[in-house]
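Below is one structure, written out as structure tokens; comments come after it.
Below, chain A is the first sequence line, B the second, and so on; all start at residue 1. In what follows, every heavy atom counts, from backbone to side chain, and hydrogens, waters and symmetry copies are set aside.
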Protein chains: 2
Amino acid sequence: MPPAVSPAPGSPGADGPGPSAAGARARVRVELMREITDAGRAELAEVGPAALSLRAVARRLGMAPSALYRYYASRDHLLTALIVDAYNALAATAAAADATSQDPGRRWMALGRALREWSGGHPHEWALVFGSPVPGFVGSEETTAAATGLHRVPIELLVDAAGAGVLDAPGGLPVPPAVAASVAPMAALAPGLDPAVAAAALAAWAQVLGAISLERFGHFVGAVDDQDAWFDHCLRLAGGLVGLRVGGGAPAVR
Amino acid sequence: MPPAVSPAPGSPGADGPGPSAAGARARVRVELMREITDAGRAELAEVGPAALSLRAVARRLGMAPSALYRYYASRDHLLTALIVDAYNALAATAAAADATSQDPGRRWMALGRALREWSGGHPHEWALVFGSPVPGFVGSEETTAAATGLHRVPIELLVDAAGAGVLDAPGGLPVPPAVAASVAPMAALAPGLDPAVAAAALAAWAQVLGAISLERFGHFVGAVDDQDAWFDHCLRLAGGLVGLRVGGGAPAVR
DNA sequence: CCATAACTGTGAACGATGTTCTCGTCAAGG
DNA sequence: CCTTGACGAGAACATCGTTCACAGTTATGG
């Protein structure tokens, strides 16, 4: 029932790689699993998540459809593997954009722009990650692990900013104790971060991801003309929400 | 190709209802179309959007599957009809919550809470509206029309607040002309609204909808403990973003 | 009033899908 | 060496969306 990365009937990689040669067989196995997800990603880019068919992936690989079940227990397991891959790709581009500067404000803008740009280049993968969840896999262990890989990027950004003292104090809104306690699991990833900042950061994060999803899913078609310009502004507002000084060095909110 | 509400082969309601009796037949027709979407909504609540099957809807109604094609040209057309219905239901609950108070800050909080509550009671319908779009129906005419019915609620709220003079001036963030121009289509629904407020309102809206979607789609499972408390805080932050004085009458951001 | 057309529903059929099962084959391990 | 287990293929089943030809009913128009 819980999704497993290698749900093969008998798994040689359950424990250590055995004496010696078992590792060889396991290696070609993970290699083939990667080929399968690659084919799945290619198929995904063409037809989208809803129309992604196991048989089409098998055709692309020249295999029988039933052979795929040696590697993924079901279509949904393959989909979750693709979700994990997409999360990792997203985390990689986010980290790369984040590393282009030292200034927290610039890092925040680069991060947000990179996410939006990636969503434009991989709309179906974005929908797979942030769209309707695959039934039965909501909050599964592997997807949440991959998710934290992405969420870690803005968190570290804020920790750096707070450490450097360039983070404005959170605005006049008092933070009730219940709110501060609610973000405790997140604060575990960011030791020493002000709970008020953590709570606001989550809101800013929801704003950025929400803005991208709403745009990509077509909810802004009649509402916004210049999406590029507005998204930049949205990003600045979100940055200001957490006290980042953003936008050409000008002070954000205050 | 473009989605039509009544894509029946020969549609008696294409023009006026004819001499006299055509109206009677057309009435039972729209009645049956409503029964179909009702059955579809019931089916949707049980199995979710991805697994919603035309045949199951037909079974629920005691009809042959092919008979449904007299009323909806395809499964995706039925899905878009359900999307429109969900949008309307959402708009109705939003309007009802908005009408519970006169104070703009309270109206904003009630609106946001009502949306989240509705999403909890109808998770599959929320996913249908704000999740992965139905392929080929992104930004179709009927869905955007239904969407504006929902978006109109916060816009009118802001117009009222601005008219009453209880809207704080937008924060220090300057609004570039390109941004002000980008929200022109939205400003058409809110004549006289400050473009800075409009741009911020869209960001706040994205924050609220994004927060609800992220929660409902399971992206916060390991990050937030008390979702109720945090969402309320998120709502206050979003309200403060547009200058609403929110949260027990205390000033929001300043 | 009646003939003609249109609308509505049925049942069979086609192609495609996810999934399971059985069967051979072949390499790895004792 | 032989045995075991993974691997892949192929057939099979139920289900799905969709189309088609046909029959019954209703409205329309002369």
Side-chain angles (χ1 to χ4, degrees), chain A residues 1 6-33 35-36 40 43 47-80 134-136, chain B residues 1 6-33 35-36 40 43 47-80 134-136:
Chain A
M1 197 69 76
S6 34
S11 69
D15 49 283
S20 65
R25 218 52 185 161
R27 223 173 347 257
V28 55
R29 177 179 175 83
V30 306
E31 193 175 316
L32 222 169
M33 287 184 74
E35 282 183 39
I36 293 174
E43 192 69 19
V47 303
L52 191 145
S53 106
L54 211 61
R55 297 181 106 108
V57 175
R59 273 194 296 271
R60 193 180 281 263
L61 291 166
M63 295 173 57
S66 56
L68 290 188
Y69 284 82
R70 302 280 180 199
Y71 302 92
Y72 294 98
S74 77
R75 172 181 179 271
D76 284 349
H77 283 84
L78 176 57
L79 275 184
T80 46
V134 179
Chain B
M1 196 68 75
S6 38
S11 68
D15 47 285
S20 67
R25 218 49 187 162
R27 231 184 329 268
V28 54
R29 177 180 176 83
V30 306
E31 193 175 316
L32 224 171
M33 289 184 72
E35 282 184 38
I36 293 174
E43 192 69 19
V47 302
L52 191 146
S53 106
L54 210 62
R55 297 181 105 107
V57 175
R59 273 194 296 270
R60 194 180 280 264
L61 291 167
M63 296 173 55
S66 55
L68 292 188
Y69 284 82
R70 303 284 181 197
Y71 301 92
Y72 294 98
S74 78
R75 172 182 179 272
D76 285 349
H77 284 83
L78 176 57
L79 275 184
T80 46
V134 179

Considering all heavy atoms, the nearest [X]-[Y] contact:
X     : Y     : result
B:R60 : B:E43 : NH2-OE1, 2.9 Å
A:A58 : A:P65 : CB-CA, 3.7 Å
A:M63 : A:L32 : SD-CD2, 4.3 Å

Under 4.0 angstrom between [X] side-chain N/O and [N] OP1 or OP2:
X     : N      : answer
B:R59 : D:dT15 : no
B:R29 : C:dA6  : no
B:Y71 : C:dG9  : yes

### Query
Quick one: CD1 on B:I36 to CG on B:L78, what's the gap to the nearest 0.5 Å?
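It comes to 7.5 Å.
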### Query
Say you draw a straight line from CZ of A:R29 to OH of A:Y71; how long is it, rounded to the nearest 0.5 Å?
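The distance works out to 6.0 Å.
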Please work out if [X] contacts a base, only the sugar-phosphate, or nothing of the nucleic acid, heavy-atom cut-off 4.0 Å.
X     : answer
A:L32 : sugar-phosphate
A:L78 : nothing
A:A67 : sugar-phosphate

Please produce a list of atom pairs where a protein N or O lies less than 3.5 Å from an N or O of nucleotides 18-20 of chain C.
unit_1: C:dG18; atom_1: OP1; unit_2: A:L54; atom_2: N; d: 2.7
unit_1: C:dG18; atom_1: OP2; unit_2: A:L54; atom_2: N; d: 3.1
unit_1: C:dG18; atom_1: OP2; unit_2: A:R55; atom_2: N; d: 3.1
unit_1: C:dG18; atom_1: N7; unit_2: A:R55; atom_2: NH1; d: 2.5
unit_1: C:dG18; atom_1: O6; unit_2: A:R55; atom_2: NH1; d: 3.1
unit_1: C:dT19; atom_1: OP2; unit_2: A:Y69; atom_2: OH; d: 2.9
unit_1: C:dT19; atom_1: OP2; unit_2: A:R75; atom_2: N; d: 2.8
unit_1: C:dT19; atom_1: O5'; unit_2: A:Y69; atom_2: OH; d: 3.2

Just how far, in rounded Å, is [atom2] of [N] from [atom1] of [X]?
X     : N      : atom1 : atom2 : answer
B:R70 : D:dT18 : CZ    : P     : 15 Å
B:L68 : C:dT8  : CG    : P     : 13 Å
A:R25 : D:dC7  : CZ    : P     : 7 Å

### Query
Does any donor atom in the side chain of A:H77 or A:T80 lie under 3.5 Å from an acceptor atom in the other side chain?
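No, A:T80 and A:H77 have no side-chain donor paired with an acceptor closer than 3.5 Å.
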